[in-house]
Amino acid sequence: MSTIRVDVVSAEHEVFRGEAKLVVATGEMGELGIAPRHAPLITRLKPGQVRVIQPNDEELFLYVSGGILEVQPTVVTILTDTAVRAADLDEAKVREAKEAAERAIANQMDAKEVAAAQAELAALAAQLQAIDRLRKMGQKH
Amino acid sequence: MAGAREIRTKIKSVQNTRKVTRALEMVSASKIRRAQDLMKASRPYARLMRQVIGHVAKANTEYQHPFLVEREEVSHVGYVIVSTDRGLCGGLNANLFRRLLADMRQWQEKKVQVDVVCIGQKATAFFKRLKVNFVGSVTHLGEKPRVEALIGAIKVMLDSYMQGRVDRLFLCYNDFVNTMTQKPTMSQLLPLPPADDIDSKHGWDYLYEPGAPEIMDHVLTRYIESLVYQAVLENLASEHAARMVAMKSASDNATKLIGELTLVYNKARQAAITQEISEIVGGAAAV
């Protein structure tokens, strides 16, 4: 019985590596069963289960939150996403990043205002001191 | 004895500082290992992805994805800048920023607009003060950065690129060479430079589900994300290494300073005693 090599990796770590008799995954266009010597194929995966049937007939279940499945005659490569991805979710993240940038710039305004206020405070303190000194001189005379 | 007491408090304060720097040094030393493990774990993904891209690009020479096409005219460039969240790591960030500034000035002299996306508190604080378009920022990634957290910042730039608002995109980070050396690195993300490590001799094509363009789009986006993610990890390892070295030299300096101050203290003490004795002797002689 021939086997096919399976590599399951995510951007953060290697999930699984080994031989298999059959790999079952949910592709974008439907369920896929990949046996050894399958024709080369590349597809996107839907979030769901990947079933790996190992040579000793043990079944291994992996959950993937989407990704890419690549099949070469002797190798199956699954590049999984680490998080559930959807266009609108990604859009929300873009907004977040932009807002963070805007906030950072806005904070800089605050810093400027603080600096201005501090300068004003220093000037007022100096004036106060001068008045104080004048008053003391007045008392001496 | 007034001088002696002042010196003693000074010694105490330096000793306390040394305690802090020692602790920071040891914390960083243990964190380097973990950061390196993360770095290693993320490598297979990028390698396999590169293979897939190579295969698809080879098989579909008629389809050119925008990410792979060099643009003739460059009027906007983008930078993704990876920095640390915290300081006390020697010249790590400063070195990177200095290189970047030189690079940006060159673009600005050519009347090319510069957009930046900052990852990390330090870059955010630095680049918001400059005359560049600050379009995105991600901070506080922590000790175990997630790809998820980076998606937004990367997509800002990828969208700009697709819409033609950015013609070239660079990635800047500190490359972790070893514990003593971290190299400020700038690499081009978009258009993707053709990789030479892709084997060109294979005669088959894939079955595509759905079509090749969609797959290519998906794969390339993920690839860029993984590159940025790896840069973040490299930078994290660099941060801990740089901090460890900086804190080690700070501890060494503190030790040296304590030695010198102790010497000065002993001299002051002895001088005070000598003076006291001579005063007593002088007083006795006068009687």
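The chains referred to below are lettered A, B, ... by the order of the sequence lines, with proteins before strands, and numbering in each begins at 1. FYI, side chains are in, hydrogens and waters are out, and symmetry mates aren't considered; it's all heavy atoms of this structure.
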- Message: Centroid separation under 6.0 Å, is that true for the rings of Tyr229(B) and Tyr45(B)?
- Response: no
- Task: With salt bridge (charged side-chain N to carboxylate O under 4.0 Å, His left out) as the test, would you mind laying out the steps for Arg146(B) and Glu12(A) before giving the verdict?
- Result: CA-CA 8 Å; Arg146(B) 305 291 313 271; Glu12(A) 285 166 14; 3.2 Å; yes
- So what's closer than 4.5 Å to chain A heavy atoms on Val156(B): side chain, backbone, both or neither? both
- Message: Between Leu233(B), Ile154(B), Thr124(B), Ile215(B), who has the most heavy-atom pairs with chain A when the cutoff is under 4.5 Å?
- Response: Ile215(B)
- Could you tell me which portion of Gln230(B) (side chain, backbone, both or neither) has an atom closer than 4.5 angstrom to a non-hydrogen atom of chain A? neither
- Region of Val219(B) in contact with chain A, defined by heavy-atom distances below 4.5 Å: both
- Query: In terms of heavy-atom pairs under 4.5 Å with chain B, which of Glu99(A), Glu96(A), Met29(A), Glu28(A) leads?
  - Reply: Met29(A)
- Message: Would Arg71(B) and Tyr161(B) count as a cation-pi pair here, with the cationic atom under 6.0 angstrom from the ring centre and within 45° of the axis?
- Response: yes
- Under 6.0 Å between ring centres, would you say that holds for Tyr79(B) and Phe170(B)? yes
- Task: Return yes if a side-chain donor-acceptor contact under 3.5 Å exists between Asp115(B) and His76(B), otherwise no.
- Result: no
- Most heavy-atom pairs under 4.5 Å with chain B, out of Asp7(A), Val9(A), Thr80(A), Leu69(A), belong to Val9(A)
- Item | Max heavy-atom pair count under 4.5 Å with chain A, selected residue of Asp37(B), Val135(B), Val117(B) | Val135(B)
- Where on Glu14(A) is there a heavy atom nearer than 4.5 Å to chain B: the side chain, the backbone, both, or neither? both
- Task: Evaluate the criterion side-chain hydrogen bond (donor to acceptor under 3.5 Å, both in side chains) for residue pair Ser238(B) and Gln182(B); output intermediate values, then yes/no.
- Result: CA-CA 6 Å; Ser238(B) 298; Gln182(B) 297 87 35; 5.6 Å; no
